[in-house]
A.B. asks: 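This is the structure I have questions about; it appears just below.
All of these numbers come straight from a predicted model, not from anything done at the bench. As the structure lists them, so they are numbered: ligands from 1, and atoms in each ligand from 1.
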Amino acid sequence: MDRIVIRGGNRLTGRLPISGAKNAALTLMPCALLTEEPVTLRNLPRLADVDSFGHLLNQLGASTEIEGARPTDFGRVMTIRAGRLTSTEAPYDIVRKMRASILVLGPLVGRAGEAKVSLPGGCAIGNRPIDLHLRALEAMGADIELAAGYVRASAPGGRLPGGRVTFSIVSVGATENAVMAAVTARGGTIIENAAREPEIVDLCNLLLAMGASISGVGTGTLEIEGRDRLHGATYRVMPDRIEAGSYACAAAITGGSVDLVGIKADDMRATIAGLADAGVTVIEKGDVLTIAADGPLRPLTLSTAPFPGFATDMQAQIMAMLCRAAGSSVLTETIFENRYMHVPELARMGADIQVRGRTALVRGVDRLVGAPVMATDLRASMSLIIAGLVAEGETQVSRVYHLDRGYERLEEKLQAVGADIERVGDG
Ligand code: UD1
C-alpha cells in the first residue's frame with residue numbers, strides 16, 4: 001500500500017491551485033438523476049470519492065463521460081446522462097465505502113418515486129445516523145421502511161406531495177437529500193433549520209440552472225415549489241474551501257508564503273479569521289488568497305459549528321498548526337463525537353494535546369519529530385501531513401487512500417511549493 005514520505009523543514013512558497021470541492025461534487029452529481037437530459041459538471045476534482053460516485057450512478061443506469069482531461073490538468077469535465085434509470089438501488093458494497101452514497105436517496109425518490117439504499121452503518125468519525133434524512137422525506141410524504149440493512153423509501157402514487165420539514169439539528173446531508181427530493185415534488189416544500197453551507201448554495205444553484213424553483217438560498221429556510229420536469233445544465237463546481245484551508249495551515253506552520261489560487265474567500269471566513277487571530281497574514285485579492293507567516297503563531301480558542309461557524313472539516317488541520325503555536329489553544333468539537341483520532345498520532349510526533357470530552361487542550365511545542373503515522377479519516381490524515389512538513393526528520397503517512405478520497409494530487413501540489421514530499425509504494 002502506498003505511503004506519503006515527508007522530510008520536514010522546508011518553507012512553502014509559491015502558487016498553489018485549489019481544486020473543485022469534493023463535498024459539492026458529491027451532491028451535484030446525484031442531481032443528474034433528476035432529469036432525462038445531460039448534466040455537465042466542470043471543475044470536478046479528480047478524487048477517489050468522485051470516481052466511486054460515478055460508479056454508483058452507472059449502477060443506476062446513468063452514463064458518465066469524462067471529456068478531454070490531460071493527465072497534467074487539475075479537475076475534469078463530466079457529463080452525466082440519466083435518460084432512463086435501470087435500478088433504484090444503492091447496494092451495501094458501494095455505500096459502505098462511501099457514506100455520501102446516501103445522497104442518491106432524495107433524487108431517486110424524486111425521479112422514480114422509489115429508492116432502496118443500504119444503511120451506511122458506523123464510520124470512523126462517529127455514529128453518523130441518517131434519521132434526519134428519513135424524517136425529512138417522511139415529512140414530504142414518503143413511506144419509509146427499514147429492513148435487512150436497507151432503507152426503502154417510496155412516494156405514494158409515484159410522486160411526493162411535498163411538505164414542511166423542520167430539522168432538529170443542522171445536517172448538511174439531510175438538507176441536501178430534502179432539497180433534491182423536493183424540487184420535483186407535486187407541491188411545495190418548506191425546509192426549516194436548513195444547513196447553510198456553501199456546498200448547499202452550490203447545490204441550489206445547479207438545481208436553479210436545471211429549472212427548479214427555490215427561494216431562500218443561503219439562508220436557514222428554503223422554500224421550494226416542485227416542478228414537473230427539470231432540464232439539463234452545465235455547471236462549474238465551487239472551489240474547495242477545506243482544501244484551501246488545509247493548505248493555508250500547511251503554509252502557516254512552515255512560516256511560508258503561498259498564493260492559494262481559485263478560492264472564494266466568502267466561503268471560508270471562519271478559517272480566515274482563525275488564521276488571522278493566530279498571527280498569520282491573510283491577503284485577499286479576487287480569487288487569490290495569500291497566506292504568509294513569519295514569527296511565532298499565536299494560540300487560539302475555537303469551537304466547530306455549522307456554517308458560517310468554524311468547519312469541523314478544518315478542526316484536525318488547524319490543530320496540527322496550533323501544535324507549533326506559542327502557548328495553549330483550546331479546540332472544541334461540537335459536530336461529531338469522535339473526531340480526535342489524529343490526536344494520538346500527532347502525539348507520536350511530539351505534540352502535547354490533552355482531550356477531555358469534546359475539548360482538546362493543545363500546548364504548543366518547540367519541535368515536532370517525524371514518525372511513521374496513520375489516520376483513520378481524510379482530514380485527520382491531512383493534519384499529519386501538515387505536522388510532517390515541519391517535523392524534524394522523516395514522517396511516513398500510511399493509509400494514503402484516505403487522502404486520495406479528498407485531496408487532488410496532494411504531493412504534486414505540495415512539491416510545487418517546495419515541500420520535500422513523495423508517494424512511495426511498498427513494492
Ligand atoms: C457533511 C460533509 C462532512 C462534514 C459534515 C459537517 C459531505 C459528503 N460530508 O457530512 O465532510 O464534516 O457535513 O459539516 O458533504 N446527524 C444526525 N442524523 C442524521 C444526519 C446527521 O444525527 O440523519 C448528525 C451527525 O451525526 C452530526 C451532525 O448531525 O453530529 C451533522 O452531520 P451532517 O451535517 O449531516 O454531516 P454529513 O452530511 O454526514
A.B. asks: Taking 4.0 angstrom as the limit, do Glu345 and Arg348 come out as a salt bridge?
C.D. replies: yes
A.B. asks: Salt-bridge test for Arg241 and Asp266: reply yes if a basic N is under 4.0 Å from a carboxylate O, no otherwise.
C.D. replies: no
A.B. asks: Can you name the atoms of ligand 1, numbered from 1 with element, that are less than 4.0 Å from a heavy atom of Val170?
C.D. replies: 31 (C)
A.B. asks: I'd like to check the side chain to side chain donor-acceptor pair (under 3.5 Å) partners of Ser19; sequence neighbours left out, ordered by chain and number.
C.D. replies: Glu408, Lys413
A.B. asks: Side-chain contact test, heavy atoms from C-beta onward, threshold under 4.5 Å: evaluate it for Asp240 versus Pro45 and give yes or no.
C.D. replies: no
A.B. asks: Could you list which atoms of ligand 1 come closer than 4.0 Å to a heavy atom of Val172?
C.D. replies: 1 (C), 13 (O), 14 (O), 33 (P), 34 (O), 35 (O), 38 (O)
A.B. asks: Heavy-atom contacts with Arg99 under 4.0 Å: which atoms of ligand 1 show up? List them by number with element.
C.D. replies: 39 (O)
A.B. asks: Short list, please: which atoms of ligand 1 are under 4.0 Å from a heavy atom of Thr312?
C.D. replies: 6 (C), 12 (O), 14 (O)
A.B. asks: Mind jotting down which residue pairs meet the salt bridge (charged side-chain N to carboxylate O under 4.0 Å, His left out) criterion with at least one end in residues 19-44? Sequence neighbours excluded, please.
C.D. replies: Lys22-Asp49, Glu36-Arg229
A.B. asks: Given Gly173, Ser101, Ala21, identify the one with the heavy atom nearest to atom 38 (O) of ligand 1.
C.D. replies: Gly173
A.B. asks: Below 3.5 Å, N or O to N or O, backbone or side chain included: is there any such pair between Lys22 and ligand 1?
C.D. replies: no
A.B. asks: For atom 20 (C) of ligand 1, tell me which residue out of Pro129, Gly309, Gly406, Ala174 has the closest non-hydrogen atom.
C.D. replies: Pro129
A.B. asks: Can you establish whether the number of heavy atoms outside Tyr92 located under 6.0 Å from its atom OH is more than 12?
C.D. replies: no
A.B. asks: Judging by distance only, is a nitrogen or oxygen of Ser171 under 3.5 angstrom from one on ligand 1?
C.D. replies: yes
A.B. asks: Is there at least one pair of N or O atoms, one from Glu197 and one from ligand 1, spaced under 3.5 Å apart?
C.D. replies: no
A.B. asks: Below 4.0 angstrom from a heavy atom of Asp313, which ligand 1 atoms are there? Numbered from 1 as shown, please.
C.D. replies: 3 (C), 4 (C), 11 (O), 12 (O)
A.B. asks: If you count the atoms of ligand 1 from 1 in the order shown, which ones are under 4.0 Å from a heavy atom of Arg339?
C.D. replies: 12 (O)
A.B. asks: Testing the 3.5 Å rule here: is there a donor-acceptor pair between the side chains of Glu67 and Thr79?
C.D. replies: yes
A.B. asks: Heavy atoms only: which of Ile102, Ile335, Asp131 lies closest to atom 30 (O) of ligand 1?
C.D. replies: Ile335
A.B. asks: For Lys264, is the NZ atom crowded, meaning more than 12 foreign heavy atoms sit under 6.0 Å from it?
C.D. replies: no
A.B. asks: Where's the contact between Met98 and ligand 1, heavy-atom distance under 4.0 Å: side chain, backbone, both or neither?
C.D. replies: neither
A.B. asks: Indicate yes or no: at least one non-hydrogen side-chain atom of Arg227 is less than 4.5 angstrom from one of Leu207.
C.D. replies: no
